[in-house]
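Each ligand, and each atom within it, is numbered from 1 in the order the structure gives.
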Amino acid sequence: MSKHHIEVTINGRRHTADVEARISLSDLLRDNAGYTGVHVGCEHGVCGACTVIVDGLAVRSCLMLAVQANGAQITTVEGLAAEDGTLHPVQQALLEEHGLQCGFCTPGVVMTLAALTGNNAKPSEQQLLGALSGNVCRCTGYQGIRRAAKRLACAETGEHA
Ligand code: FES
Ligand code: FES
């Protein structure tokens with residue numbers, strides 16, 4: 001089967017690969033580039049675990065072909081924390097509000113929230129919760145995740161959580 005040469009930027013690093021047209025972005029990120037923080041659950045766009053940021057937007061990487069991402073800027077959960085280990089505000093909020101348990105859904109939750117709160121966006125709590133309706137979590141009962149979303153919305157508006 002013929003292969004396609006693609007070049008993407010992942011977490012600020014250039015990455016090139018020769019991939020078959022059928023390869024998903026999630027498989028490229030995990031198997032080819034080694035970003036195993038991209039979790040794959042359902043592989044058909046339902047669970048949200050594979051969510052990454054592509055050119056500023058939250059994308060289900062199991063539904064996007066790697067060749068479609070050619071030339072894109074991609075951020076995975078591995079690219080959020082600062083180099084000195086300081087957590088991204090979304091990660092910190094989830095940590096402090098106990099918004100994770102087994103952690104399988106967590107990269108997708110983090111990336112969904114990070115995409116909406118990036119670039120000085122000021123999403124409302126309802127907007128954040130609406131976006132999170134596409135992220136399935138089987139452990140937490142969602143309350144900690146909801147509190148983290150509320151904290152992030154309040155941080156943007158200056159209100160107290
Ligand atoms: S693995 Fe992509 S949405 Fe579930
Ligand atoms: S923390 Fe286990 S699935 Fe969400």
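Gln101 N, 3.2 Å is the protein heavy atom nearest to atom 1 (S) of ligand 2. Atom 3 (S) of ligand 2 has as its closest protein heavy atom Arg138 N, 3.3 Å.
Side-chain contact between His39 and Val77 is absent, with no heavy-atom pair separated by less than 4.5 Å.
Both Val19 and Val52 belong to a single network of hydrophobic side chains, linked directly or stepwise wherever heavy atoms of I, L, V, M, F, W or Y lie under 4.5 Å apart. Under the 4.5 Å side-chain contact rule for hydrophobic residues, Val59 and Leu28 share a cluster.
Enclosure of atom NE2 in His4 by more than 12 non-hydrogen atoms of other residues, nucleotides or ligands within 6.0 angstrom is indicated.
Residue contacts to atom 4 (Fe) of ligand 2: Cys102 brings no N, O or S atom closer than 2.8 Å. At least one N, O or S atom of Cys139 sits under 2.8 Å from atom 2 (Fe) of ligand 2. Residue side and main chain included, Cys105 places no N/O/S atom under 2.8 Å of atom 2 (Fe) of ligand 2.
In this structure a side-chain-to-backbone donor-acceptor pair under 3.5 Å is present from Arg30 to Thr36. Without hydrogens or angle criteria, Ser61 side chain to Cys50 main chain gives a donor-acceptor distance under 3.5 Å.
Within ligand 2, the atoms closer than 4.0 Å to a non-hydrogen atom of Cys137 are 1 (S), 3 (S), 4 (Fe), numbered from 1 in the order shown. Using a 4.0 Å cut-off to heavy atoms of Gly103, the atoms of ligand 2 that qualify are 1 (S), 2 (Fe).
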Solution key, residues 101-109 side-chain donor-acceptor pairs under 3.5 Å, sequence neighbours excluded:
{"from": "Thr106", "atom 1": "OG1", "to": "Gly103", "atom 2": "O", "distance (Å)": "3.4"}

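Ion pairing between a basic and an acidic side chain is recognised when a charged N comes within 4.0 Å of a carboxylate O; Glu97 and Lys150 show no such pairing.
Using modelled atom types, one finds a donor on one side chain and an acceptor on the other under 3.5 Å when comparing Thr76 with Glu78.
Around atom 2 (Fe) of ligand 1, the protein atoms of type N, O or S found under 2.8 Å away are Cys50 SG, Cys62 SG, listed by chain and number.
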